Structures are given as C-alpha cells and as structure tokens.
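Scroll down for the structure; my scribbles are underneath it.
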Amino acid sequence: MNTGGRLEPVADSFMKRPVLVVDDDVLVRAMIADVLRGAELVVIECSDADEALEILRSGITVALLLSDVRMPGSMDGVGLAKAVRTTHPHLKIALTSSERPPEDALCDEFFAKPWDFGRVIRGVKSLLNG
C-alpha cells in the first residue's frame, strides 16, 4: 500500500523469507530479481519449474513464488502454480507474461510484461503483507 509516496515496509517475518523468482531467461530473471532486492526483499532465482520445486521440497520456507508463464521444460508457469497449490496451498503465487494469463492460472496476482517495476514492487509487498 502506498502512503504519502512511501511504500509501507514488509512485515519483518516476511523480509527474511525469500521470494522465489522463476524465469528461463537469465537476463529477465536477473532484472526482476535485482528490482526486488532493491526493495529490500530476499530473492532465490530459478531457471525452470523443476528447480523451483526442488527448492520448495528442500524445506526452505518461501514467502512468494513469482514465475514466468511461458517456460520450456517439464512444466510451464501455470503447471508450476498448480503443482505448488497442491503441495504448498498457502504460498502466495504471482505469474508474469507478455500474454494474458490462462483462465485456469491459479495465481494471486498477475504482472504483465513489460513490467511497471513500481507496480510489481507494490503488488509483491501487498501479497507479502496480506
């Protein structure tokens, strides 16, 4: 939530829990990860759904999954969101794409590409605080 031009801080417990960023394009992934780190969030980067699921199975407590919709590999971002909803039903999920999200996308938020970084930061922090 924006108050007087300033972003409200994310609750301390969530500041320590990472945002899991999943995108097969290393430059795109690094760009959004850097923006989130600049907003004082902890970020773990993954190149595909399998790597993200491996992180989640490892026991690392993640605050939010932010995944691209279109990715090669065993599953795309929508498939990843469905898998995560089954294993981690309370985990917040945001998807991103240059295309509209599919009707069956199980996400809490959608960020259209190209990104409005301010909107992404506000949206991520809102999910973390909500």
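Since we're looking at a predicted model, the values are computed, not measured.
Arg85 contributes a side-chain N or O that, together with a main-chain N or O of Leu91, makes up a donor-acceptor pair within less than 3.5 Å. The backbone N or O of Ile93 lies less than 3.5 Å from a partner atom in the side chain of Asp108, making a donor-acceptor pair. Checked by atom type and distance alone, the side chain of Ser97 never pairs as donor or acceptor with a backbone atom of Asp68 at under 3.5 Å. Here the side chain of Ser126 pairs no donor or acceptor atom with the backbone of Gly123 at under 3.5 angstrom. Formation of a donor-acceptor pair under 3.5 Å by the Glu54 side chain with backbone atoms of Asp50 is not found in this model. Side-chain N or O atoms of Lys125 include none that pairs as donor or acceptor with a backbone N or O of Leu41 at under 3.5 Å.
For the pair Met31 and Asp34, the minimum side-chain heavy-atom distance is 4.5 Å or more. Under the 4.5 Å side-chain criterion, counting only non-hydrogen atoms from C-beta, Pro72 is in contact with Asp24. Put simply, the side chain of Ile55 reaches to within 4.5 Å of the side chain of Cys46, judged on heavy atoms. Counting heavy atoms from C-beta outward, Arg122 and Phe117 have side chains that stay 4.5 Å or more apart. Within the 4.5 Å cutoff, the side chain of Lys92 has no heavy atoms near those of the Val124 side chain. Proximity of Val84 to Leu56: side-chain heavy atoms (C-beta onward) are separated by under 4.5 Å at one or more points. Within the 4.5 Å cutoff, no side-chain heavy atoms of Ser47 are placed close to those of Val26.
Here the shortest heavy-atom pairing between Pro18 and Ile60 reads CG-CG2, 4.2 Å. Heavy-atom minimum distance, Val62 versus Arg17: O-NH2, 3.2 Å. Lys113 approaches Thr96 most closely through the heavy-atom pair CG-OG1, 3.5 Å. Of all heavy-atom pairs spanning Ala94 and Leu64, the tightest one is N-CD1, 4.2 Å. Here the closest non-hydrogen pair linking Val28 and Trp115 is CG1-CH2, 3.3 Å.
The distance from the CZ atom of Arg70 to the CG atom of Asp23 is 13.0 Å, given to the nearest 0.5 Å.
Hydrophobic clustering, with ILVMFWY side chains joined whenever heavy atoms are under 4.5 angstrom apart, groups Met75 together with Met71. In the hydrophobic clustering of ILVMFWY residues, with side-chain heavy atoms under 4.5 Å counting as a link, Phe111 and Val19 come out together. When the side chains of ILVMFWY residues are joined at heavy-atom separations under 4.5 Å, either directly or via intervening members, Leu65 and Ile32 end up in two distinct hydrophobic clusters.
The existence of a salt bridge linking Arg37 and Glu45 is confirmed by a sub-4.0 Å separation between a basic side-chain nitrogen and an acidic carboxylate oxygen.
The side-chain contact (heavy atoms from CB on, under 4.5 Å) test with Leu66 is passed by exactly one of Leu95, Leu20, Val22, Leu36: Leu36.
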